[in-house]
Number of protein chains: 4
Amino acid sequence: MLLTVDANDKRPIYQQIVDGVKALIARGDLQEGTPLPTVRQVAGDLRVNLNTIAVAYRQLQDEGFLSVRHGAGTVVSIRPGRSIETEDLRKPLRPALTELILTGLSDEAIAGIVRQELKALRLKGDRR
Amino acid sequence: MLLTVDANDKRPIYQQIVDGVKALIARGDLQEGTPLPTVRQVAGDLRVNLNTIAVAYRQLQDEGFLSVRHGAGTVVSIRPGRSIETEDLRKPLRPALTELILTGLSDEAIAGIVRQELKALRLKGDRR
Amino acid sequence: MLLTVDANDKRPIYQQIVDGVKALIARGDLQEGTPLPTVRQVAGDLRVNLNTIAVAYRQLQDEGFLSVRHGAGTVVSIRPGRSIETEDLRKPLRPALTELILTGLSDEAIAGIVRQELKALRLKGDRR
Amino acid sequence: MLLTVDANDKRPIYQQIVDGVKALIARGDLQEGTPLPTVRQVAGDLRVNLNTIAVAYRQLQDEGFLSVRHGAGTVVSIRPGRSIETEDLRKPLRPALTELILTGLSDEAIAGIVRQELKALRLKGDRR
DNA sequence: GTGGTCTAGACCACG
DNA sequence: GTGGTCTAGACCACC
């Protein structure tokens, strides 16, 4: 698996897992139907508590990104389970963009950074 | 008062205050030297405990956005408190952009949304 | 416990904790990865309120000396949080040195005192 | 007068005044018998509250550095009014030295910095 | 169990 | 009157 957890990251571990899986799906590394490692295996690899991984998988399932087939493991499922409002998608962008503005960067410079990040997030197979 | 707190927001109250003040500075509503309302006043307006506001003001001071004079008030102070690395500014962007990608939006569409948000975050003069 | 608080000390309690932990790190008693006692334990040992210790730990985290994991404990983490300018390190020296000068001590005598203090502040190995 | 106050300094204003006068005495710019400007004048020059300067003068008087002659103003008085224990002089040195140690500087390097500072504090007539 | 946040209320230091 | 600190006690998020 390409997942990692960073102790210095301010996000809780379960959130890092959730975001990590989403990133892998977004870039195409994980496709519809791809089986995911078991909770136990991820927990062992990342040296993290079992419950933490279970919470992450549970949230991914709630959001419709994972499909749990009883006795047959977990597979990726692209169809989102809950409807998303664009406002909810824009909100988390704002504090991040505000920080960039406060460093004195121009709108063009910030747009350039965003374009770089988008490119990096879509580069299939780009192991961090 | 230009600050608000939203009970539904997942960020803690003090963080909402911090982000709110930064946004006001970024858009030019608060300029260098502008006095801020007292801790007690903000606390009263927002129906929030005194200490919560004090924590927010303290963090803003640590980051160099406020200059707090003990018995006197608080004023905006743009000087950078700690140097920020661009990597630290890019990281919070990624989960937000990933969510946008997962909705199926194209890079162009996402860049358009970012441009809209940047425009909204700037008020007085779109400088640069 | 190696930490103490002195009611006669003019520094606030949380600052004494911060300085105390830094001193333990500087002398090598606390090394990278060493777990720190929990907030509750320190609070109990020193007969001080929980929040006061939490404030100290938080400041140490902001300065990059501690890595706090939410549900897990706290460990020492030497990585620098913010870059420090030498000028900021020299300033607090000046009032202290001025007081020594005013007692009539020679530069050599003062330098001797400083050397003594440096020796006392280092324990494990006087490296370098 | 050569006194200044810095809003960004963490010390309270009255303490900056106290330290400033002591520094001027230590470097010889103010000598025994030298008259000091009135509280009112200093307050006006520094654009600071009258009471703040009065508190500073009061503390300097308590420590024996100022002598107030009723109706004849205030003059410098080198004989310290209260006995000083060396331990009390060493204590404020420690947090400052600890910070220097934590940056990784060697004892020699730190001693060098101290020597530089001592030299600067003694340079008569060196306007900051 | 851990740390994080918030409240209510108190007292002190500063200007 | 301002901000700074501290307490006691509560509830929540995380592991």
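Residue numbers start from 1 in every chain, and the chains themselves are labelled A, B, ... in the order their sequence lines are given, proteins ahead of strands.
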Under 4.5 Å between any side-chain heavy atoms of [X] and [Y], yes or no?
X: C:Glu99; Y: C:Thr103; result: no
X: B:Leu60; Y: B:Lys22; result: yes
X: B:Leu97; Y: A:Leu93; result: yes
X: B:Val21; Y: B:Phe65; result: no
X: B:Leu3; Y: B:Leu24; result: yes
X: D:Val5; Y: D:Asp9; result: no

Could you tell me how far apart [X] ([atom1]) and [N] ([atom2]) are, to the nearest whole angstrom?
X: C:Tyr57; N: E:dG3; atom1: OH; atom2: P; value: 7 Å
X: C:Ile53; N: E:dG4; atom1: CD1; atom2: P; value: 13 Å
X: B:Gln16; N: E:dT5; atom1: CD; atom2: C1'; value: 12 Å
X: C:Asp62; N: E:dG4; atom1: CG; atom2: P; value: 10 Å
X: C:Arg58; N: F:dT5; atom1: CZ; atom2: P; value: 14 Å
X: C:Leu66; N: E:dT2; atom1: CG; atom2: C1'; value: 15 Å
X: C:Gln61; N: E:dT2; atom1: CD; atom2: C1'; value: 14 Å

Contact state string [nucleotides 6-15 of chain F, B base, S sugar-phosphate only, - no protein heavy atom under 4.0 Å]: BBBB---BBS
Residue-phosphate contact under 4.0 Å: B:Thr74 side-chain N/O, F:dG3 OP1/OP2: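 Checking F:dG3 against B:Thr74, a side-chain N or O does come within under 4.0 Å of OP1 or OP2.
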Intra- and interstrand pairs of DNA chain F - dot-bracket, Watson-Crick/G-U under 3.5 Å, | marks other strand: ||||||||||||||.
Other residues, nucleotides, ligands: >12 heavy atoms within 6.0 Å of D:Arg58 CZ: no
Distance in Å, D:Leu36 CG paired with D:Ile25 CD1, rounded so as to fall on 0.5 Å steps: 7.5 Å
Derivation of the side chain to side chain contact (heavy atoms under 4.5 Å, CB included) call for C:Leu121 and C:Arg27: CA-CA 6 Å; C:Leu121 289 170; C:Arg27 94 181 325 151; 6.0 Å; no
